[in-house]
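Comments concern the structure below.
Just follow the structure's listing: the first ligand is 1, and inside any ligand the first atom is 1. This structure is a prediction, so every number in the text was calculated from the model and none was measured. In this chain, residues are counted from 1 in sequence order. No hydrogens, no waters, no symmetry mates; every other heavy atom, side chains included, goes into these values.
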Amino acid sequence: MNILKLQKMKAAGEKISFVTCYDYWTAKLIAQTDVDCILVGDSAGMVMHGHDSTLPVTVDMMVLHTQAVARAGAKQLIVGDLPFLSYRKGLPKAMEAVSQLMQAGAHAVKLEGAAGNEALITHIVQSGVPVMGHIGMTPQSLHQLGGFRVQCKEAAAAERLAEQAVALEQAGCFAVVLECVPPQVAKHVSERLTIPTIGIGAGPGTDGQILVLHDLLGVDPDFQPKFVKTYSNAFAIFQEALNAYNTEVKTAQFPLKEHCYED
Ligand code: KIV
């Protein structure tokens, strides 16, 4: 997959599927599926490290996760997330962060917000690195937004979102994530852009969807936001396997002869 194919998919009305991925073994799993693209999201801070927001995530953490994902050699496009403030400390530091993620194996980077990022996005794109935008509910602005909450419910905010999306397209983004906005708002924005929109909690009118891998697999029964559909009950499956292992160890049913090196 590459960014040119994504443009063609939008033009052909073909939906695009993204999932998050943070490590080698799940990247190997995704590599054997038809999913189009991988985001090494800074949601890794919450999903993999147990933080209550993405704010503690650093470039070094994202580099480690991106390297692990890239080692699986998946055919999917890999987008690396620029973490909190890494692209807001001036051009040299922003470009250093971009360079680290790309050298770790990303094929593109993602950053949150439009206002104040347009010139930087153009510079990154002109440097040969594809950029994905991310607007609506932008988790790195959690405290500015007053929490993880649906955005753009009022007409004025919806119009601002559309203007931000157009600004991101003009700055050179190859795609834009629309997070937690009403479906009709996301549909309107998607129709105004020539680049694909990728929705999460934004309804069916976007050009593609993204979900956190662990959410769609049902890895955490305590986390069930409205916009997530779980496609398996991985928690129960893994739990059952672990309990079966524990029982077999304690009843001497494992290991058996075939698990031993003797003979
Ligand atoms: O970090 C992430 O996983 C994301 C997606 C939710 C879009 O930014």
**OP:** Return the orientation label for the F254 and H259 ring planes: parallel under 30°, perpendicular over 60°, tilted otherwise.
**Re:** tilted
Subject >> Side-chain ion pair, K10 and E191, N-O less than 4.0 Å >> reply: no
**OP:** Return yes when atom NZ of K75 has more than 12 non-hydrogen atoms of other residues, nucleotides or ligands closer than 6.0 Å, and no otherwise.
**Re:** yes
Subject >> C173 side, atom SG; K110 side, atom NZ - distance, nearest 0.5 Å >> reply: 11.0 Å
Close N/O pairs between ligand 1 and protein, under 3.5 Å:
from, atom 1, to, atom 2, distance (Å)
ligand 1, 1 (O), D42, N, 3.1
ligand 1, 1 (O), D42, OD1, 3.0
ligand 1, 1 (O), S43, N, 3.0
ligand 1, 1 (O), S43, OG, 3.3
ligand 1, 1 (O), D81, OD2, 3.2
ligand 1, 3 (O), S43, OG, 2.5
ligand 1, 8 (O), K110, NZ, 3.0

**OP:** Assess whether atom OH of Y245 is packed by more than 12 heavy atoms of other residues, nucleotides or ligands within 6.0 Å.
**Re:** no
Subject >> With sequence neighbours excluded, residues passing side-chain hydrogen bond (donor to acceptor under 3.5 Å, both in side chains) with R88 >> reply: N117
